Amino acid sequence: MYKINDNYLKLPGSYLFSTIGKKVAAYSAAHPDKTIIRLGIGDVTQPLAPAIISAMHKAVDEMGEAATFRGYAPDLGYEFLRSAIARGDYASRGADIQADEIFVSDGAKCDSGNIQEIFGLDNRIAVCDPVYPVYVDTNAMAGRTGEYDPKTQRWSNVIYMPCTAENGFAPELPQETPDLIYLCFPNNPTGSAITKEQLQAWVDYANRAGAVIIYDAAYEAYISEENVPHTIYECEGARTCAIELKSFSKNAGFTGVRLGYTVIPKDLKCGDVSLHSLWARRHGTKYNGAPYIIQRAGEAVYSKEGRQQLARQVETYMYNARTIREGLEAAGYKVYGGVNAPYIWLKTPGGMTSWEFFDYLLEQANVVGTPGSGFGPSGEGYFRLTAFGSYENSVEALKRIRKL
Ligand code: PLP
C-alpha cells in the first residue's frame with residue numbers, strides 16, 4: 001500500500017486567503033446589495049505598461065515565423081534577460097552580481113518554496129514572525145519543522161523572530177543559531193524596511209554562524225527612503241552567505257504573467273560544494289524555463305520607457321498607501337508601513353483580535369483586509385491593508401473605516 005508524505009497532514013488549517021475567501025463569499029451571499037472593497041490579497045490592479053505589451057506583441061510575432069520561432073528556453077533563462085537584470089538591478093547599484101549567477105523562473109513564490117530542497121533536512125530555519133507563510137509551510141512539507149502546536153501556532157523546530165512595534169518590526173539576532181535565515185524586506189506583511197546597517201549586521205552574523213540568508217526582495221521597487229538597501233548584495237560579504245529572490249509581480253504587474261529570478265553567487269559554498277551548481281542542477285532537472293514571450297516582457301521592464309512607465313505605476317500605488325496611512329492616522333489608528341512598501345499594517349483598535357477586526361470591518365464597513373495573525377503568532381492584534389486597489393476604492397474604504 002502506498003504511503004503519502006504525511007508532513008502535509010501536520011500543516012495547520014486552510015491557507016489564510018482561502019479562509020478569507022470563504023468568509024467574504026458567505027457575507028456577499030447573505031448581503032447581495034453590499035459593495036465590498038477588497039484590500040486584502042496583495043494582487044495588483046493596474047494593467048501591464050505599454051512598453052511591456054509591445055515587447056510581448058513583438059515576441060508573439062517572432063514565435064509565428066520559422067526563422068525566429070523559439071522552442072524550449074534555456075533552463076536558467078535567456079542571456080538577454082539575465083544581462084538586463086545584472087545591469088539594471090545589480091551593476092547600477094554597485095553590487096557585484098554577474099548574469100550567470102541569475103536563475104530566471106516563473107515567480108518568487110515557486111523559488112521561495114523550492115529553494116529549501118537544496119538544503120539538508122536537519123537544517124534549522126529562522127523566520128520573521130509575522131511572515132509570508134510560504135517559507136514555513138514549504139519547510140513543513142519537506143519535514144524540517146518538527147511538530148505544530150496549534151495553541152502557540154508554532155512549529156517545534158523553527159526559530160521565530162518576533163517583529164512587532166516594540167522592535168520597529170526589525171528582527172533581532174536569534175539566541176539559538178539557525179542554518180537558514182529567511183528575511184524579507186521591504187516586508188510582507190508589516191510593510192517595514194531595514195537600513196543598510198541593519199542588513200549588514202545580518203550578513204556579518206550569517207557569515208560568522210555559517211548560515212545562509214534567503215533574502216526575499218519582492219517589494220524592492222517600493223523603497224523610497226535613502227538608507228534602505230535595494231539588494232542584499234549592497235552589503236559587504238553577502239556573496240558568501242546570501243541567496244536573493246526577486247519577483248516581477250509587484251514592480252511590473254506580472255502576477256498573472258509570471259516571472260521572477262533567484263540569485264546565487266558562485267562564492268556561496270558549503271565546504272567545496274557550490275550552492276549555485278546545486279540549484280542549477282535542480283532547476284535544470286525540474287524546470288523547463290520561463291516562456292520566451294514572458295522573458296522578452298521582462299527585458300522591457302529594464303528599457304527606458306519601461307522604467308518610466310513602471311515608476312508611475314509604483315507611484316500610483318504608493319499614493320494610495322499614503323492616503324490610507326494618513327487617513328487612518330487621522331482617525332486615531334496606530335499605523336505602520338506604507339512608506340517603503342505597498343502594505344499598511346495597523347494595530348487593531350480596542351484590543352480586538354485580528355480576526356475579530358476582520359469580521360468587524362467586513363460587516364460594518366464592507367472592507368476586506370488580512371488578519372495579522374494569519375502571518376504568524378506575533379501578527380495577532382494587527383491587520384494588513386494593501387495599496388494595490390484603485391485610488392477611488394482606497395478613498396472609499398478609508399471613508400467607510402473612518403465612519404466607524
Ligand atoms: N514573496 C513575497 C514576500 C510575496 O509577498 C509574494 C507575493 O505576494 C511573493 C514572494 C510571490 O511572488 P510571485 O508572484 O513572483 O510568485
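All of these numbers come straight from a predicted model, not from anything done at the bench. In each ligand, atom 1 is the first atom listed, and ligand 1 is the first ligand listed.
Within the 4.5 Å cutoff, side-chain heavy atoms of Q98 are placed close to those of E101.
Ion pair K286/E117 flagged as a salt bridge, since at least one NZ, NE, NH1 or NH2 atom sits closer than 4.0 Å to an Asp/Glu carboxylate oxygen.
Annotation: ligand 1 has protein neighbours G107, A108, K109, Y132, Y135, C184, N188, D216, A218, Y219, S247, S249, K250, R258, each with a heavy atom less than 4.0 angstrom from the ligand.
Residue R124 is tested with N157, T177, D179 for a side chain to side chain donor-acceptor pair (under 3.5 Å); the sole match is N157. Screening Y182, W155, Y132 against V127 for a side-chain contact (heavy atoms from CB on, under 4.5 Å) leaves a single residue, Y182.
Counting only N and O atoms by type, the side chains of T231 and E244 include a donor and acceptor under 3.5 Å apart. The closest side-chain donor-acceptor pair between D216 and Y135 falls under 3.5 angstrom.
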